[in-house]
Amino acid sequence: MKALGVAALLLGLTAWLRFPDVLLDLDPRWVWWPAFVLVAIVLPLLLTAWTLRRPGRVLRAVGAAGLVVTAARSLVWLTNAALPPDRGLYLTSAILTTASLLLLPVWLVWLSGLRRLTAALVTPLAVIVYAVATIQLTPARPSNRVPAVPSAIGSVFYLVPMAFPQVVGLPENPSELRASNQRTLAEPPAVQSWATRTDISANGVRSEWICARTATKDHAILYLPGGGFTSEAGNGPRRWAATISQQTNACVLLAHYRLLPYPAGHDDSITAYRWLLQQTGSADRIAVMGDSAGGNLTLTTALTLKKYGVPLPAALVSLSGVADLSLTGKTFRTLANRDPILSPGQRKLVYDSYTKNGTLNTHDPLMSPLYADPTGLPPTMLMVGSQEVLLSDIQTLAAHFKSAGVHTDLTVWPGMLHAFPLVLEEAPETTLANARIGRFITQAWSARGN
């Protein structure tokens, strides 16, 4: 019974301390960090030694392995918390986290002393209950800080496409692209039950108004969805638009800009913004956001508006935005085997399609904002996952913007994939990221007196 009590303490605390950097918010640190080491690393190892001295065979051995894996997982968490996000051992963390979710419940079944047949029936249920409990108990932190390590569900969802690339299935050639776009266009448009969607034309640009139940059009957000400049926007972007509408109480104009080649989508983005400016009557009540290719268009749209003296929006948000179409940043090499979404084939398809097989100048600032003069741009939020090949370009872009005097909010999300709020809607990091975007936009409107 004492061991059972210790086990309950271990499981409860390690579930609650899913993000080790929660400890950094507590003082004194010299109390809390050793407490985590004791509970999440030392205690599992002590229980392993105790377990191996007890009777049993298969369940005992598997359970002991689960304790060792749990201790190793916690050690990697601490390591990742101490390292910069772009140097973390997130693939290792994902493997150990998944293994812990599968193996540790076996130790609990062994500890309960159930008979062989009963244990065989109970073990799968214990695995499911423990995995769900660990995921559900992950704290969605109310602070403005980014977690130091990925959540359990984020780790699992990262590991799955790494092990099975076909799960992501992004097109890598023109025939796959055509089939993907046909499927997307055939899909009935849908948003959450608490939001509405209306088809409109924004001066000829096919668009949709997406509004949460509490949202109004007094303020508005132009959303330029991703898709590598090649893919149609489906229900994933629609749901994300509705979520940001809920966060800001503002309606979102999702613009389906023309695809391929440059500058068709760029021109449509400008047209949609001018239309939205007419509707709101003031750029101070507008924000522009985009993910991936749309993150690129968000920045290049603002640069063009500045060039021609058009009033700029109050805020820009670029999630995993393409900063340099030459695709030669450092992490295109160092993270080439760690990014399961932006594969070499997918990147080549995008590059060849958007740049007319490389005949266009990828150093054009209105194609690659990394080479632009951003002076005078509004407050800009840049978000990127630590596991995507775009990481170094976006970090360089943030430094470039800051040196030009642009208020820049860069967040690197440990262990996360490309455009993760659209890919991992269930992850706590997505909840945190969406709330952060909502605060950034509403604060920018408030700063302009709106």
Side-chain angles (χ1 to χ4, degrees), residues 84-86 141-147 219-224 244-245 247-250 252 269-270 273 276-277 280 282-292 294-324 329 365-366 368-386 390-413 416 419 421 429 432-450:
D86 57 344
R141 301 183 59 205
S143 74
N144 206 34
R145 292 183 50 198
V146 175
H219 293 78
I221 300 170
L222 172 62
Y223 172 34
L224 305 172
I244 300 303
S245 173
Q247 292 286 341
T248 59
N249 290 322
V252 175
S269 300
I270 299 295
Y273 178 83
L276 191 58
L277 185 59
T280 61
S282 173
D284 294 341
R285 295 197 292 270
I286 298 176
V288 181
M289 73 176 191
D291 66 280
S292 193
N296 171 283
L297 292 175
T298 294
L299 302 178
T300 59
T301 294
L303 290 166
T304 302
L305 297 175
K306 185 187 74 165
K307 178 180 178 180
Y308 292 105
V310 180
L312 294 171
L316 305 174
V317 176
S318 175
L319 168 65
S320 297
V322 180
D324 182 2
L366 298 185
S368 299
L370 187 60
Y371 304 106
D373 175 10
T375 304
L377 289 186
T380 301
M381 170 174 279
L382 303 174
M383 283 191 177
V384 61
S386 71
L390 298 175
L391 174 60
S392 60
D393 280 352
I394 293 174
Q395 290 176 317
T396 303
L397 181 72
H400 179 46
F401 273 41
K402 289 178 180 178
S403 67
V406 178
H407 173 69
T408 307
D409 183 331
L410 169 67
T411 48
V412 179
W413 292 80
M416 290 294 102
E429 289 90 342
L432 295 171
N434 290 337
R436 190 181 183 97
I437 291 170
R439 286 194 301 269
F440 185 82
I441 291 175
T442 54
Q443 287 172 3
W445 283 333
S446 297
R448 290 204 184 184
N450 287 278

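It should be emphasised that the depicted structure is a prediction, and the values quoted were computed from it without experimental measurement.
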Heavy-atom check, side chain of [X] versus side chain of [Y], under 4.5 Å:
{"X": "F401", "Y": "L299", "answer": "yes"}
{"X": "L222", "Y": "P313", "answer": "no"}
{"X": "I437", "Y": "M381", "answer": "yes"}
{"X": "M289", "Y": "L319", "answer": "no"}
{"X": "P379", "Y": "D409", "answer": "no"}
{"X": "H219", "Y": "I441", "answer": "no"}

Roughly how far, to the nearest 0.5 Å, is the [atom2] atom of [Y] from the [atom1] atom of [X]?
{"X": "L377", "Y": "T375", "atom1": "CG", "atom2": "OG1", "result": "8.0 Å"}
{"X": "L305", "Y": "T300", "atom1": "CG", "atom2": "OG1", "result": "9.5 Å"}
{"X": "N434", "Y": "M383", "atom1": "CG", "atom2": "CE", "result": "8.0 Å"}
{"X": "D324", "Y": "I394", "atom1": "CG", "atom2": "CD1", "result": "11.0 Å"}
{"X": "T408", "Y": "H400", "atom1": "OG1", "atom2": "NE2", "result": "10.0 Å"}
{"X": "I286", "Y": "T280", "atom1": "CD1", "atom2": "OG1", "result": "3.5 Å"}

Check: T301 side chain, T298 main-chain N or O, donor-acceptor pair, under 3.5 Å: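 Absent.
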Donor-acceptor contact present, side-chain S368 to main-chain L370, <3.5 Å: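 Not a single qualifying donor-acceptor pair exists.
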Any idea which heavy atoms bring [X] and [Y] closest together, and the distance?
{"X": "W445", "Y": "A220", "value": "CZ2-O, 3.6 Å"}
{"X": "T380", "Y": "L382", "value": "CG2-CD2, 3.9 Å"}
{"X": "P378", "Y": "V406", "value": "O-CG1, 3.5 Å"}
{"X": "S320", "Y": "A419", "value": "OG-N, 2.9 Å"}
{"X": "S318", "Y": "N296", "value": "OG-N, 4.5 Å"}
{"X": "L312", "Y": "A302", "value": "CD2-O, 3.5 Å"}

Test side-chain contact (heavy atoms from CB on, under 4.5 Å) applied to V317 and I221, step by step: CA-CA 10 Å; V317 176; I221 300 170; over 6 Å; no
Geometric class of the H407/F440 ring pair [parallel <30°, tilted 30-60°, perpendicular >60°]: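 The arrangement is parallel - the two ring planes meet at less than 30°.
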Check against side-chain contact (heavy atoms from CB on, under 4.5 Å), V412 and S386: CA-CA 6 Å; V412 179; S386 71; 4.1 Å; yes
